Every structure is written in C-alpha cells, then in structure tokens.
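Numbers restart at 1 for each chain; the letters A, B, ... are given by sequence-line order, proteins then strands. Keep in mind that what you see is a predicted model, and the values were worked out from it rather than measured.
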Amino acid sequence: MREVMIYSTLDAKLVPLRPRVPPRISMFVCGITPYKPSHIGHGRTMVFFDTAARFLDYLGYRVFYLQNVTDIEDKILREATEEGVEWNVISERNFAGYLREMQALGVDSVNFYARCTDYIPEIIAQIETLIAKGHAYESEGDVYYSVASFPAYGKLSGQRLEALEPGAHVEVNPKKRAPEDFALWKRERLGPRWPSPWGEGRPGWHIEDTAITVNVLGPSYDLHGGALELKFPHHEAEIAQAEAATGKSPLAAIWMHAGLLNMRGEKMSKSLGNVLSLGDALTMVRPEVLRFFFLSGHYRSPLDYAGPSSFEEANRAYETLEGSYHRLEDALAQRFPGTWTGPDGVARTFPGWKEWVAAVDATLPADPSKPGGDKVLESMESSMANDFSVREATASLYTWAGEVNVILGNNPEKVPLEPLVRALRPFRFAQKVLGFFPAKGGGASEQALGKLVEIALEARTRAKARKDFAEADRIRQELLAAGVLVEDTGGRARWRLKP
RNA sequence: GCCGAGGUGGCAGAAUGGUUAAUGCGACGGACUGCAGAUCCGUUUCUCGGGGGUUCGAAUCCCUCCCUCGGCUCCA
C-alpha cells in the first residue's frame, strides 16, 4: 500500500501515516455546533476531510471516521431563547440541515456522528477521573481543568501561557484558580441540565470530544482533524484532558489543521455581516462545483471567497473537466454491450455502464510495482499521497482531459475500445476520491427525460439532413429554453442539462 | 505583545535545491461548424513581498524587514 505523508501540526513537518493497527485508520474530526445554519467555512473543512478519508479508503485502508456534534452549548441556548423554543429544536434542525448539505456535497465518508448529549455519562466519568488524578477541581458547582497540572499544555500550538493575555476576549472568571483554566462542567439551574456529582449542570465545550473519542476510538488514534481556528485552545484542551485522563500519549498520532475560508480577505463573521451559508451557496452553484471550489487550493492554505465571481470561475474551470468526462462517458456508452480485456488479460463482456465501471474500479489503485502502467493515475495518486495535494492531482487530470479530448476527436465511435476504457481510470479516481462528476440520478424521470430529448433530437437531425436549419435551430432553441443544452459533435448531437 | 498561517503572472493556484516556474480561468489569433457550442492548435504574462547571506546552482535553506489573515480560553 502506498505510504501517505501528512503535515503534522505537532511535529511541524510532513510525517508518514503509520496506522496503529493496519490497515485500520481511526480518524476524528471536530464537528459543528449547530446553533445556526452551516456556512461555507464548514463546507470547506468538511469537504477536505471527506476527500482525505476517501483517498485513504481508496488506497485500501479501512477508515473509521468519527465526527462529534456539539448539540448543547451557550450559543444554542441563546438562539433557543430568542426563538422561544426548546434548545434541542435549534440543534436538531441545524444538524439536519448540515447533514443534507453534506450529502449534497458528496460528503459520505463519516461513519458515525456522535452527539454530545448522548455521552453525558462518559463525560462525567472522564471529569471524575481528571479530578481524582488532580487535574481538575470543583468550584461552586463548576468543574475546571487546572492547566498548571499538565506541563505539556501548549505543545500543539506553541503557545506559552505567560505570553497569553488573560481577559483579552473573555472576561476573567473569578471561580477559576487561574485564568487559563477551562470549564469541564458548568452549573446550570434553569436551562437543560443533567445530574452530576457536582450538582445539576451541563458539559463544557472541550470535554465532549475527548469523552467521545476515548470511548469510541480508545486512548490513542491515528488522525485528528479540525479547522485552524480550533488549534488553540480547543485542541490543546483535548490533549490536556485525554492524555491526563488516560495516561497515554499522544492522543492522536497526527494532528491536521485545515486553513480557513476568508470572505474577500476577511474572516467570515456575523458582526461583519459577511457569512454565506451553505444553503445559500448551494442555490448559486451546483453542489459538485461548490465541492470543486472548496478543493481548489491546498487544504492548509487560506481559501478566499471573492464573491459570486469565485463560484463562476470555479464553474468554468470545472466544466472543462466535466466536458471531457462526459464525452468519454458518452463514447463508452455507445459500445454496450462490449468486450474489454483487462490488465489481467481476461476478456469480459459487459452489458452496461455499471458493470463496466466496476471492472475498471477493480484495476484501482494503480499498482506501484508495475510502473508506467498509467502515468496520469500514478501521478494523481502520488500527489494525493503527498499531504493531500488535491490541486496538483487536479492539474494532472486537466492534462489528461486534454489528451482524452484529442483521442476522442470528432469521431469517438471510431476510437478502439481499449484506450477508451483506460482513459476512464483517472476520471474514476476523481469521482471516487475527489468527488467530482457525481453519478446521475438514473431514476424513472431521468430516463423519461433522456428519451424525450432523444426524440426531439431525432427530429432535429432529420431537419438538418434536409438543410432545414431554421427548424433545427428552433428545436435547439426550445430545448435550451427548457434547460437542455444541445451540442453537435461529429456524427450526432449530445445534450446536457444547462448548469 | 506572543503564537501560527499566508504573500508567485491580468486573476486563481502549484512546484520546497537543479532543464524553458505546473495547471486552470481570462485575453488574442487560427482550425473545425450551416450557425452556435464544445474541442483542438498557436500566442500572450510572472524571476517568485523587500533586502542581505549560504551554494556551482534557490521561489525553495539561513538572517532581517514589510504586508495580509487567524488565534490568544467555548468561532469549521
């Protein structure tokens, strides 16, 4: 299996991914606090980690991807008060929206979403352990983590406590022994609360993640992901909690941080009024183009949204690849049933597209011991294995798309089958790993639509044959008005839905 | 102030010691087309934030300065 190099925040350099129990990879990514509809910043982070998980899975690792959901938190309570509804109405509604948006974006690698409120007993148990070991203390019904008790605090972010400015953003809390201490448990008398050894209350922000990961993944796991803004203090707190509670270090072998998405060079924030929700973004572009946009830079670099023009440019760029893919798909679809001799030398006959793709997928990933078999695929794989360099892999795909366009030329039906099938491999990589070119519905309505368009196109072809271009153009115009874009290529017309 | 991430052509964005600095978008010219679209071919643009250093050789390593963004205790 190909070795993957990943930038480790802890080591500040690229390190090889060495699963603790190969081929299994346990992966945790800090999820959302569903107090508001999700925004495109969430989308960027989640699409990236989905792509990373897909790639590892593609290589043959068995990935277990866990994500938490902070379904109880101050901001959720605030929203609930404003709306006059129960807190869980807010968190469940927004989480459901998040799941829908993730599905639209093709984020399908998460195996388990763990809600904070489903882990209250585990949270309480972990806090008790921390108190017993002298890392936490109770103060008027609250429980705080004593940062001074954990010398390694700061190892992830490089922060030194003495350099921090207490009270810079949040008022100094007199119930804490030290300003850098953070809440594990918060007393609650009126709102949602759970019984605990310290009275009724609810969990602090950081503790749910470690209570969940230690219980679901164990005291140590392979990958921890999250957005850059969570590095300090949140991830630092996770390390302090888990490593102090379990005595095992490191909590996660590799810590990954995704760069933030900026709005015209500025941070997205409610006060600046520059938040773009995922829901709104999805009305502006097709979901696969939004995904493409999120993947248009390296994951560690900041990504800038400069307004609708960013989406328009992404759309133009995406259409180049998509066009090539569709031409290839179309050329192949004309050959069913067809026979293909795979790399194993065995000839197989395939009745349709699905079987065909399955046979191609069986040849993935590229076999590194047989170099030269497929340079494009191999370079895409090695780009991805180098800290998930999606953009570099995409560049290879562009080069390939150009070559495929040349191979197909104006008479794709004359191209031998063998190169056509081989040409599909890099595109399949893009589908499976990058999430491009999602499969079409294929449902009854899509089939009916296809049939109808074909009938219209036959009429147009007859009109063209008798040089009745006015009629041919009229049909094309009417189809366009209905959202169907017609393009003449060589012998026959192809069509697609207007994006 | 401290910690961190960035600063590459008109724009987006790669390459972290070695041929002409990927790739895409855009622009211009040509081919193809009944027209359109798509596609193809060609052209166009950067010496890599400023300065200094190491090296046979640096966008890539070191030093220094400037700029942008983020974090500094519950923001993906």
*Take the protein atom CZ of A:Phe95 and the nucleotide atom P of B:A76, then report the distance between them rounded to whole Å.*
14 Å

_A:His235 NE2 to B:U73 C1', straight-line distance once rounded to whole Å_ = 14 Å

*If you check the A:Val406 side chain, which of B:U39, B:C40, B:U73 turns out closest?*
B:C40

*Classify the ring geometry between A:His234 and A:Trp205 as parallel (under 30°), tilted (30 to 60°) or perpendicular (over 60°).*
parallel

*Could you give the distance separating B:G24 and B:G9 at their C1' atoms, to the nearest angstrom?*
13 Å

*Stepwise, does the ring pair (Phe, Tyr, Trp, His ring centres under 6.0 Å) test hold for A:Tyr318 with A:Phe293?*
CA-CA 9 Å; A:Tyr318 181 78; A:Phe293 170 72; over 10 Å; no

Report all interatomic pairs (protein N or O, nucleotide N or O of nucleotides 23-26 of chain B) with separations under 3.5 Å.
unit_1, atom_1, unit_2, atom_2, d
B:U23, O2, A:Arg391, NH2, 3.4
B:G24, N2, A:Glu313, OE2, 2.9
B:C25, OP1, A:Thr320, OG1, 2.5
B:C25, O3', A:Arg316, NE, 3.3
B:C25, O2', A:Arg316, NE, 3.3
B:C25, O2', A:Arg316, NH2, 3.3

*Nucleotide of B:G70, B:A5, B:U73 approaching A:Tyr153 most closely (side-chain heavy atoms)*: B:U73

_Under 6.0 Å between ring centres: does that hold for A:Tyr65 and A:Phe28?_
no

*Do you know which of A:Lys176, A:Lys175, A:Arg187 makes side-chain hydrogen bond (donor to acceptor under 3.5 Å, both in side chains) with A:Asp142?*
A:Lys175

_Same-atom distance (P) from B:C65 to B:C72, integer angstrom_ = 26 Å

*In terms of the angle between their ring planes, are A:Tyr113 and A:Tyr98 parallel, tilted or perpendicular, with boundaries placed at 30° and 60°?*
perpendicular

_When the P atoms of B:C46 and B:U23 are compared, how many Å lie between them, rounded to an integer?_
16 Å

_Checking side-chain polar atoms at under 3.5 Å, does A:Asn274 have a donor or acceptor matched by the opposite partner on A:Tyr305?_
no

*asked:* Given B:A14, B:C72, B:A76, identify the nucleotide with an atom nearest to the side chain of A:Ser301.
replied: B:A14

_Let's see if you get this right: which residues in residues 40-53 of chain A place a heavy atom under 4.0 Å from RNA chain B?_
A:Gly41, A:His42, A:Thr45

*With sugar-phosphate meaning primed atoms plus P, OP1 and OP2, does A:Leu261 contact a base, only sugar-phosphate, or nothing at under 4.0 Å between heavy atoms?*
base

_Please give the distance between the P atoms of B:G49 and B:G13 as a whole number of Å._
15 Å

*What one-letter contact string describes nucleotides 30-35 of chain B from 5' to 3', where B marks a base within less than 4.0 Å of any protein heavy atom, S marks contact via sugar-phosphate atoms alone, and - marks no contact?*
----BB

_Centroid-centroid under 6.0 Å between A:Phe182 and A:Tyr144 rings_ = no

*Round to a whole Å and report the spacing from CG of A:Leu303 to P of B:G6.*
14 Å

*Per A:Glu487 side chain, nearest of listed nucleotides B:A5, B:A76, B:A38*: B:A38

*In whole Å, what separates the C1' atom of B:A15 from that of B:G51?*
24 Å

*Can you tell me the distance, in whole Å, between the CG atom of A:Asp209 and the C1' atom of B:C75?*
14 Å

*Whole angstrom value for the distance that separates C1' of B:C69 from CG of A:Leu228*: 10 Å

*Describe the nucleic acid contact of A:Leu260 in one word from base, sugar-phosphate, nothing, applying a heavy-atom distance below 4.0 Å.*
base

*Looking across every strand, which nucleic acid part, if any, lies under 4.0 Å from A:Arg300 by heavy atom: base, sugar-phosphate, or nothing?*
sugar-phosphate

*Atom C1', compared across B:G57 and B:A21: separation rounded to whole Å*: 15 Å

*Go through the structure and list residues passing salt bridge (charged side-chain N to carboxylate O under 4.0 Å, His left out) with A:Asp468, not counting sequence neighbours.*
A:Arg466

*In whole Å, what separates the P atom of B:A59 from that of B:G4?*
26 Å

*What orientation do A:His224 and A:His235 show, parallel under 30°, tilted 30 to 60°, or perpendicular over 60°?*
perpendicular

*Does atom CD of A:Glu403 have more than 12 heavy-atom neighbours from other groups under 6.0 Å away?*
yes

*Would A:Asp50 and A:Arg54 satisfy salt bridge (charged side-chain N to carboxylate O under 4.0 Å, His left out), going step by step from the backbone distance to the final call?*
CA-CA 6 Å; A:Asp50 175 65; A:Arg54 281 167 173 247; 2.8 Å; yes

_Rounded interatomic separation in angstrom, taking CD from A:Glu266 and P from B:A5_ = 22 Å

_Using a heavy-atom cut-off of 4.0 Å across all strands, would you classify A:His39 as base, sugar-phosphate, or nothing?_
base

*A:His135 versus A:Tyr145: any side-chain heavy-atom pair under 4.5 Å?*
yes

*Of A:Gly297 and A:Gly226, whose closest RNA chain B nucleotide lies nearer the 5' terminus?*
A:Gly297

*Give A:Gly31 one of three labels, base, sugar-phosphate or nothing, depending on what nucleic acid heavy atoms sit under 4.0 Å from its own.*
sugar-phosphate

*Given the C1' atoms of B:A58 and B:A5, what is the spacing between them in whole Å?*
22 Å

_Rounding to an integer number of Å, can you tell me how far A:Glu229 CD sits from B:U73 C1'?_
14 Å

*So do the side chains of A:Phe427 and A:Ser324 get within less than 4.5 Å of each other, counting heavy atoms only?*
yes

*With sugar-phosphate meaning primed atoms plus P, OP1 and OP2, does A:Ser324 contact a base, only sugar-phosphate, or nothing at under 4.0 Å between heavy atoms?*
nothing

*Counting Watson-Crick and G-U wobble pairs whose two distances are both under 3.5 Å, find the runs of 3 or more in a row that involve RNA chain B.*
B:1-7 with B:66-72, B:10-12 with B:23-25, B:26-31 with B:39-44, B:49-53 with B:61-65

*Are any of A:Asn262's side-chain N or O atoms less than 4.0 Å away from OP1 or OP2 of B:C69?*
no

*For A:Glu236 and A:Ser157, does a side-chain donor sit closer than 3.5 Å to a side-chain acceptor?*
yes

_According to salt bridge (charged side-chain N to carboxylate O under 4.0 Å, His left out), who are the partners of A:Lys464, at least two apart in sequence or on a separate chain?_
A:Asp488

*Give the rounded distance in Å between these two atoms: CZ of A:Phe311 and C1' of B:A12.*
14 Å

*Candidate pair A:Arg327 and A:Asp330, rule salt bridge (charged side-chain N to carboxylate O under 4.0 Å, His left out), full reasoning*: CA-CA 5 Å; A:Arg327 258 188 296 285; A:Asp330 190 63; over 6 Å; no

